[in-house]
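Below is one structure, written out as C-alpha cells, with a few remarks after it.
Each chain gets a letter, A, B and so on, in the order its sequence line appears, and its residues count up from 1.
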Amino acid sequence: MMLDAGRIPIITLHDFLLVPIQTALSDRLVSQLKDDITAAIVRVAARGLIVDVSGIDVMDSYISRSLRDIGMVARLMGVRTVIAGINPMIAMTLVEMDISLGGVDTALNLESALEQFANIVRVLPETEIWREE
Amino acid sequence: MTQPADEPMVAALSVHLNPILARAVLTLSLSRTKLSLERLGPADGPALQAAIERGLKLYIHSPPQLRRCMQDVARVISGVTQPVPPPVEPPSSTSGRTISTSKSDVRAAERRGPSSSRSNGGNGSAVASAAKADVYASAVAIGSAAVRAPPQPAAVSSRFKMVVPIRDENDIVVARGRGREMCDRMGFSSAVQIKLATIISELARNIVQYAGQGEITMTAVLGETPGFEVLAEDRGPGIPNLDHVMSDSYRSKRGLGIGLKGTRKMMDEFEIWTNPGGGTRVRVCKYLR
C-alpha cells in the first residue's frame, strides 16, 4: 500500500481506529483528516477512535477546535474518541489560552488510551495492523 | 548583555553575527572544524569574515562570555592584534558608537552581506514606519494594550530578524516552525517555544483567513530586556469590531474565537493596530527571562 504523504494515516485495529499524528498539521491536512475519519468510521463500523497527538508540533485554536469537532462528530455517530499523548507543554499552552477540547476524552499516552477501550475490545497480542488506503 | 557599556560593541558586531546565536561562544564551528576563538589570529580574518557571511554560527555557552567573544571576533576580523579597548562613551548615544576598529568592516558587510536586512535599527525603518503612521492612525484601544504610534525601531542594542511571507495556509506551518527554531536558539524553554509557536500560528492563520496574505516578522531582541518579538502585518480588511473580537463573548466561525485573546494572555507585550479597510498589525513580545 502506498502511503500518501499528504494525508494522516488511519490505522484500523480490530474495530477501532488509530490516528497517529506525527507531523506538523496544516489546515489542509486537518480538514482532510476530518473527512477521512468519518469515512473510515462508516467503512469499518468502528466503535472507538484514538487520535494520538504525541507528535504534533502545536495545537492552536484551529487545530484544537478541529480535534474537538472530530470527537463530537464521532460521538454523534456512536463512536467514542480518545485524544492521546498531549504533551505537557502543549497542555499548559491550551490551559493558558483557555482552549478546551469540549468533553472529548483524553489519555496520557497510547497505552492508557487503549486501556480505556479495554471494555470495548480486547487487544490481542497477535493483533493485525494495517493501514487504510 | 546587561551593562550599558557593552552595548555598542554588540551593536557593531551583531551586524555580522547572528545575535540570537550569540548566547552561547567558546568554539566556532568553522566548516566542521572547531576552532577556539582565542587561537585565531589576524591572518584568519578573511576566512572568518567569509564564514560569517556564509552564516557561520556562534555558540556561546553563557551571556558573560558574549563580550569576550565579540571582542575576539572584532579583533580577528579587523586584523587588530591587541584586544579591543572597551568603549568609553556614555551609553545613550547608540548610533555611531561602533568600535572604530571594526566599523568600516561592519558597514561593508552590511552592504554586501546576507545580514543587510538587519539594518532595521537604522534610519530606513524609521522612515518606513513614519510612512505607515497615517495608515494606522486610527489605533484602537484594547484593554490594557497601549495605544500609541506604530512601533518605532526600538532602542535595543541589537536585533536579529526573520520575515516570513504568509500567502497560504502552508506558510502558517513554515512560520511557526521557523519561529520555534529561533526561540530554541535564543534559549527559550521548550514550554515557551511551544507557546510562541502557537501564537505565531494564530497570527498567521488570522492573516490567511481574513486578509489573504501578509507577513510575519520575527525579531530576536537583545539588550536590557532580551525577548522574542512577533509582528504580524497585513493589508486586509482590518477588524471593524475589534472590541467585540477581544471580548469574552466572541466566537469566530472557524476557530474558537480565542486566538487574539489567548495571544494577549500569554505574551508579555501585546499591541494591535487595525484600520478598517487598511489592514491589521499585531505586535507581541515574550521576554527571555
Side-chain angles (χ1 to χ4, degrees), chain A residues 4-8 21-36 51-73 81 83-104 106 108-109, chain B residues 166-181 183-184 188-210 230 232 245-268 270 284 286:
Chain A
D4 185 351
R7 278 186 179 186
I8 307 291
I21 301 177
Q22 297 291 334
T23 181
L25 279 183
S26 69
D27 296 10
R28 194 189 53 74
L29 272 179
V30 173
S31 60
Q32 180 75 56
L33 182 62
K34 278 191 202 171
D35 296 345
D36 289 353
V51 182
D52 176 27
V53 296
S54 59
I56 210 167
D57 62 336
V58 301
M59 280 174 67
D60 61 14
S61 57
Y62 174 74
I63 292 171
S64 308
R65 168 160 174 174
S66 302
L67 290 174
R68 191 189 69 181
D69 288 353
I70 287 171
M72 287 167 72
V73 168
T81 302
I83 294 177
I86 296 181
N87 97 33
M89 268 75 84
I90 288 181
M92 281 192 283
T93 306
L94 293 180
V95 170
E96 276 196 48
M97 285 189 77
D98 255 347
I99 295 176
S100 103
L101 289 175
V104 176
T106 53
L108 178 64
N109 51 33
Chain B
I166 305 294
R167 290 156 311 216
D168 59 41
E169 50 147 283
N170 291 322
D171 293 329
I172 299 173
V173 179
V174 173
R176 71 183 184 224
R178 299 250 171 90
R180 188 166 174 182
E181 232 168 72
C183 296
D184 186 29
F188 280 106
S189 69
S190 52
V192 180
Q193 285 173 34
I194 288 195
K195 279 180 200 171
L196 283 162
T198 307
I199 295 306
I200 293 167
S201 194
E202 298 286 352
L203 296 176
R205 177 165 291 103
N206 284 347
I207 290 177
V208 171
Q209 198 174 333
Y210 297 107
V230 182
V245 169
M246 299 302 289
S247 70
D248 288 337
S249 61
Y250 176 71
R251 293 286 177 272
S252 72
K253 288 199 188 86
R254 207 154 161 254
L256 289 161
I258 50 175
L260 284 176
K261 277 177 284 175
T263 301
R264 180 172 61 175
K265 256 190 223 168
M266 285 203 286
M267 296 291 107
D268 294 316
F270 176 91
V284 300
K286 183 83 187 167

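- Atom CD of B/Gln209 sits about 8.5 Å away from atom OH of A/Tyr62, to the nearest 0.5 Å.
- Looking only at distances, a side-chain donor or acceptor of B/Glu169 sits under 3.5 Å from a matching main-chain atom of A/Asp27.
- Of the inter-residue distances, the one linking B/Lys195 atom NZ with A/Thr93 atom OG1 reads 6.0 Å to the nearest 0.5 angstrom.
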Verdict with reasoning, B/Lys261 to A/Asp98, per side-chain contact (heavy atoms from CB on, under 4.5 Å): CA-CA 9 Å; B/Lys261 277 177 284 175; A/Asp98 255 347; over 6 Å; no

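- No side-chain donor-acceptor contact under 3.5 Å links A/Glu96 to the backbone of B/Gly262.
- Annotation for A/Met97 and B/Thr263: closest pair CE-N, 4.1 Å, computed over non-hydrogen atoms.
- Nearest heavy atoms, A/Val58 versus B/Ala197: CG1-CB, 3.4 Å.
- Nearest heavy-atom pair, B/Ala191 versus A/Met89, reported as atom, atom and distance to 0.1 Å: CA-CG, 3.0 Å.
- For B/Ile194, the parts sitting under 4.5 Å from any heavy atom of chain A are the backbone and the side chain alike.
- Distance check, rounded to the nearest 0.5 Å: CD1 of B/Ile199 to CG of A/Asp60 gives 9.5 Å.
- Among all heavy-atom pairs drawn from B/Arg176 and A/Leu25, the shortest one is NH2-O, 2.8 Å.
- With rounding to the nearest 0.5 Å, the separation of OG in A/Ser61 from CG in B/Leu260 is 9.0 Å.
- We find the CG-CZ distance between B/Asp168 and A/Arg28 to be 10.5 Å, quoted to the nearest 0.5 Å.
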